[in-house]
Amino acid sequence: MSTSLLSERGFLKRHIGTKKNIAIINGEEALERAVAVFAQATNIVDLKFASSLDWTSQSDPFFKPIRLAVSKMSLKRLCLWECGDVDQILRSQPELEELEVGWFTSGVEQLEETDLPKLRCLAAPLHNAAYLVPGRPVEKFCLVLTFGDRNPFNDEHGFKNLSLSTGPIIEFSFHLFDSYEDDSYKDENFRFVLQTISRHLPQLERLTVIVAGSVSGRVILEEVPVFGALRCLTFLDANLTAVTAQKTQHFQELASDFSQSDGIIRVVPYLENWDDVFERLKQLCPLLVNTKATPRLFTCRGSFASR
């Protein structure tokens, strides 16, 4: 499908966004008309289905024109969400270089190692990545968390399979899985996560952590130097854990300010500075040249955290 064909259809402008040879199908309105036009596609190289409809299902004849059209494309990038029969779709794309696999997607376990021989960039839940990475030249991996997911960093088998990329993986990004309220548990979970990554991805050069909370500067300084090849380190939506003047086993020994009027203990924390942490870290990591941190702009206490 040429770009001009897409731009000539007014209704497709509302339902299929285009940029060069890129098509994004979003929503169910005008879907029947969109399917008829999409079936003529020939030149699309970047395809993203944002709708939750499972167009890959072989049992649904309505989407057969889409499946047939996709099988005739030579895609470079593909995004799949909530699709149950992706193996046949992926087998037809030997030129695919970038793949995003979202929630409730299945069928990747049916692929042969000879499928997707050019896959370089992958975003997927760990259980899908465990099938997609081994034997393929994946260099960039983004770990996708799914609803109800337990901590994926407990999946030793899944992370071991990440190390089987022929790339190898040199760039890794993820949301920090953190369900702990107590800072000590947060710190140990963060330490465990970094140790898991460094153990299985020793050649990592670029690491991005989306925190949506706070992390310990002490843990960073103790664990990040283990990444011997690391060149770029980024923390997004992240604050450094507040450190009180004295951390002892007894709360009464904390440096505190007692109010004469209400008797409430107020502990004034000392917040570590990202610049100081990164400066010290670069002394420990000779190859580390690019560091970045963006602050957590808003937090709330309760069941739901603003992201």
Side-chain angles (χ1 to χ4, degrees), residues 119-145 149-180 183-241 272 274-294:
L119 187 64
R120 297 184 300 102
C121 303
L122 175 65
L126 187 58
H127 65 274
N128 284 329
Y131 292 103
L132 288 166
V133 170
R136 298 185 176 92
V138 177
E139 297 179 344
K140 180 179 179 180
F141 177 58
C142 175
L143 178 60
V144 175
L145 292 182
D149 228 353
R150 294 185 178 184
N151 191 340
F153 292 92
N154 289 324
D155 185 352
E156 187 74 13
H157 172 73
F159 268 90
K160 183 178 180 180
N161 278 10
L162 294 184
S163 67
L164 300 180
S165 167
T166 61
I169 293 177
I170 59 174
E171 183 170 349
F172 182 48
S173 59
F174 68 99
H175 282 81
L176 183 62
F177 185 96
D178 187 359
S179 59
Y180 303 106
D183 283 345
S184 62
Y185 285 106
K186 285 178 180 285
D187 290 353
E188 290 312 305
N189 177 63
F190 183 40
R191 184 187 304 279
F192 171 73
V193 166
L194 292 178
Q195 290 175 347
T196 300
I197 298 171
S198 64
R199 183 167 64 253
H200 294 288
L201 303 176
Q203 294 172 280
L204 206 64
E205 296 180 7
R206 295 182 291 276
L207 177 63
T208 299
V209 185
I210 301 108
V211 178
S214 60
V215 289
S216 166
R218 176 176 56 85
V219 173
I220 292 172
L221 291 172
E222 290 175 356
E223 299 299 335
V224 170
V226 179
F227 294 85
L230 198 66
R231 296 178 179 273
C232 303
L233 178 63
T234 302
F235 291 96
L236 301 178
D237 198 16
N239 291 335
L240 285 165
T241 304
E272 293 184 73
W274 275 113
D275 291 336
D276 292 340
V277 171
F278 285 148
E279 181 180 357
R280 292 158 63 189
L281 189 60
K282 288 179 179 179
Q283 296 173 359
L284 301 172
C285 306
L287 297 181
L288 186 63
V289 291
N290 293 321
T291 54
K292 177 183 178 180
T294 62

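Nothing here was measured: the structure is a model prediction, and the numbers come from that model. In this chain, numbering begins with 1 at the start of the sequence shown. As a basis for the values below, the full set of heavy atoms in this structure was taken, side chains included, without hydrogen atoms, waters or symmetry mates.
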State which residues pass side chain to side chain donor-acceptor pair (under 3.5 Å) with Glu223; sequence neighbours excluded, sorted by chain then number.
Arg191, Gln195
Partner residues of Gln203 under the side chain to side chain donor-acceptor pair (under 3.5 Å) criterion, sequence neighbours left out:
none
With no hydrogens and no angle check, is any side-chain donor or acceptor of [X] less than 3.5 Å from a backbone partner on [Y]?
X      : Y      : result
Ser163 : Lys160 : yes
Ser165 : Arg136 : yes
Thr241 : Val215 : yes

Could you tell me the separation between the [atom1] atom of [X] and the [atom2] atom of [Y], rounded to the nearest 0.5 Å?
X      : Y      : atom1 : atom2 : value
Leu143 : Asn128 : CG    : CG    : 11.0 Å
Glu205 : Leu233 : CD    : CG    : 13.5 Å
Phe141 : Cys121 : CZ    : SG    : 12.0 Å
Arg231 : Ile170 : CZ    : CD1   : 9.5 Å
Glu139 : Leu204 : CD    : CG    : 12.0 Å
Asn161 : Asp155 : CG    : CG    : 8.5 Å

Quick one: side chains of residues 281-291, donor-acceptor pairs under 3.5 Å with protein atoms, not counting sequence neighbours, listed by atom name and distance.
none

[X] vs [Y] side-chain heavy atoms within contact, under 4.5 Å:
X      : Y      : value
Leu122 : Leu132 : yes
Leu194 : Leu207 : yes
Ile210 : Leu176 : no
Pro152 : Leu145 : yes

Which heavy atom of [X] sits nearest to which heavy atom of [Y], and what is that distance?
X      : Y      : answer
Ile169 : Val133 : CD1-CG1, 4.3 Å
Asp187 : Ser216 : OD1-CB, 3.3 Å
Pro134 : Ala129 : CD-O, 3.8 Å

Non-neighbouring partners of Glu156 that pass side-chain contact (heavy atoms from CB on, under 4.5 Å), sequence neighbours left out:
Arg199, His200
Decide if atom CZ of Phe192 counts as having more than 12 heavy atoms of other residues, nucleotides or ligands within a radius under 6.0 Å.
yes
Step by step, work out the side chain to side chain contact (heavy atoms under 4.5 Å, CB included) result for Leu162 and Val138.
CA-CA 9 Å; Leu162 294 184; Val138 177; over 6 Å; no
Among Phe153, Phe159, Phe190, find the residue that satisfies the ring-ring contact (aromatic ring centres under 6.0 Å, His included) test when tested with Phe174.
Phe153
List for me each residue that meets ring pair (Phe, Tyr, Trp, His ring centres under 6.0 Å) alongside Phe235, sequence neighbours excluded, and say none if there are none.
Trp274
Have a look at Leu236 and tell me which of Val209, Val211, Thr208 forms a side chain to side chain contact (heavy atoms under 4.5 Å, CB included) with it.
Thr208
What residues, two or more places apart in sequence or in another chain, satisfy salt bridge (Lys or Arg N to Asp or Glu O under 4.0 Å) together with Arg206?
Glu171
